[in-house]
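For reference, the structure is listed below as structure tokens.
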Amino acid sequence: MARLRQGRWFSELDDDFQHALLAAARVRPLVDGERLFARGDAPDGLYAIIDGAVRVTAVNEAGKELLLTRVEAPGWFGEIAVFDRQPRTHDCIADGDAVVLHIPLPALDGLLAAEPLRWRDLGLLVAAKLRLTFEILEDSAHLPLALRLARRLLVLAGGHGEWRDQHKRVLDVTQEQLASMLSASRQSVNQALKDLEQRGIVKVSYGHIELLDSDALGAMIKT
């Protein structure tokens, strides 16, 4: 409960719904690389990250994994299929050992049937992600890579806007993963990171990016 309340969406639910969701939930540990669900799988409920992270991916025609986003605790995901009951849109894979909370679809349906106004709570979860998605699409259409990189680093540091009173300083993300998320070449992202590093804004190490000056990243986007 304490971990989940660090997230904006869960913390803004009333106490009754918070406890009802946890009462219906099941804890599931994942080992690094374990697939939680695959594209095309039937919807099976709602998930939250309790520890670790999962990556949401697609596979291109050449069989290469394309990283769309990385969800860390205490992020929630899987809500799209709860609404439309269509197959899963992407693969979800443990990025390192992780622990997720699973609220099975029948249990969630029971809660929503008993109190239909709860659908609005789930709608707010979808709306927050949709708003961020539109911002990212707009960035892709108008901003140069350096500014798109700056915004994505800040998005990752803030848990995609989900974390409350929390800002991560060291990001567990590789340059290749960033390149995939930004639809850019690894070489281009590497050069953009080097430029930020030379300006003292970030520090790059193997598998990690440390944000030394988040204010400077924010200023880049506002200019």
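Please read these numbers as outputs of a predicted model, since none were measured by experiment.
E12 is listed as a side-chain neighbour of R8, based on a closest heavy-atom distance under 4.5 Å. Using a 4.5 Å cut-off on side-chain heavy atoms (C-beta onward), L46 and F77 make no contact. Put simply, the side chain of R118 does not reach to within 4.5 Å of the side chain of L21, judged on heavy atoms. The closest side-chain heavy-atom distance from D121 to L13 is below 4.5 Å. In this structure, the side chains of L178 and L149 come closer than 4.5 Å at one or more pairs of heavy atoms.
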| request: Decide yes or no on side chain to side chain contact (heavy atoms under 4.5 Å, CB included) for T57 and H90, but give the supporting numbers first. | output: CA-CA 6 Å; T57 69; H90 297 92; over 6 Å; no
| Taking it one step at a time, do L4 and W76 satisfy side chain to side chain contact (heavy atoms under 4.5 Å, CB included)? | CA-CA 9 Å; L4 290 174; W76 290 80; 4.0 Å; yes
| field | Worked verdict on V82 versus W119 for side chain to side chain contact (heavy atoms under 4.5 Å, CB included) | value | CA-CA 10 Å; V82 171; W119 278 106; 4.2 Å; yes
| request: Output, in order, the C-alpha distance, side-chain angles, deciding distance and verdict of side chain to side chain contact (heavy atoms under 4.5 Å, CB included) for L66 and V59. | output: CA-CA 6 Å; L66 303 175; V59 178; over 6 Å; no
| Criterion salt bridge (Lys or Arg N to Asp or Glu O under 4.0 Å) on D15 and R5, from CA distance to verdict | CA-CA 11 Å; D15 288 347; R5 281 178 173 168; 3.5 Å; yes
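One hydrophobic cluster holds both M220 and I209 under the rule that ILVMFWY side chains link at heavy-atom gaps under 4.5 Å. Linking ILVMFWY side-chain heavy atoms closer than 4.5 Å, directly or via other members, places I80 and V100 in two distinct hydrophobic clusters. Both L182 and L196 are part of a single hydrophobic cluster, where members link through side-chain heavy atoms under 4.5 Å apart. Linking ILVMFWY side-chain heavy atoms closer than 4.5 Å, directly or via other members, places L156 and L147 in a single hydrophobic cluster. Hydrophobic clustering keeps V170 apart from V202 (ILVMFWY residues linked when any side-chain heavy atoms are closer than 4.5 Å, directly or through intermediates).
Between atom OG of residue S183 and atom CG of residue L68 there is a gap of 8.5 Å, rounded to the nearest 0.5 Å. Expressed to the nearest 0.5 Å, how far CD of E135 lies from CG of L130 amounts to 10.5 Å. In this structure, CZ on R151 lies 6.5 Å from CG on L143, to the nearest 0.5 angstrom. If you take CD on Q177 and CE on M181, they are separated by 6.0 Å, rounding to the nearest 0.5 Å. With rounding to the nearest 0.5 angstrom, the OG1 atom of T89 is 11.0 Å from the CG atom of D41. To the nearest 0.5 Å, atom CG of residue L112 and atom CG of residue L108 are 4.5 Å apart.
Electrostatic pairing of D109 and R85 counts as a salt bridge here, judged by a charged N lying under 4.0 Å from a carboxylate O. The pair E115-R120 does not meet the salt-bridge criterion, since no charged nitrogen lies less than 4.0 angstrom from a carboxylate oxygen.
Without hydrogens or angle criteria, R88 side chain to A38 main chain gives no donor-acceptor distance under 3.5 Å. Without hydrogens or angle criteria, Q198 side chain to D195 main chain gives no donor-acceptor distance under 3.5 Å. Between the side chain of R55 and the backbone N or O of D91, no donor-acceptor pair lies under 3.5 Å. Panel note: side chain H102, backbone D44; a donor-acceptor pair is recorded below 3.5 Å.
Note on residues 198-211: pairs passing salt bridge (charged side-chain N to carboxylate O under 4.0 Å, His left out), not counting sequence neighbours, are R169-E210.
Residues W9 and L122 come closest through the heavy atom pair CZ2-CD2, 3.8 Å. Closest heavy-atom contact between H208 and D172: ND1-OD1, 2.9 Å. For the residue pair L105 and P43, the shortest heavy atom distance occurs at CD2-O, 3.8 Å. Closest heavy-atom contact between V204 and E197: N-OE2, 3.0 Å. Between L22 and L101, the shortest heavy-atom contact is CD2-CD2, 3.5 Å. Of all heavy-atom pairs between G7 and P74, the closest is N-CG, 3.5 Å.
Around atom CD of E34, more than 12 heavy atoms belonging to other residues, nucleotides or ligands sit under 6.0 Å away.
Defined by atom type and a distance below 3.5 Å, a donor-acceptor pair is missing between the side-chain atoms of D14 and Q18.
Residues forming a side-chain hydrogen bond (donor to acceptor under 3.5 Å, both in side chains) with E79 (at least two apart in sequence, or on another chain): K129.
With respect to V54, the side chain to side chain contact (heavy atoms under 4.5 Å, CB included) criterion is satisfied by exactly one of D95, T69, I49, I93: I49.
In this structure, F37 and Y47 have tilted ring planes: the angle between them lies in the 30° to 60° band.
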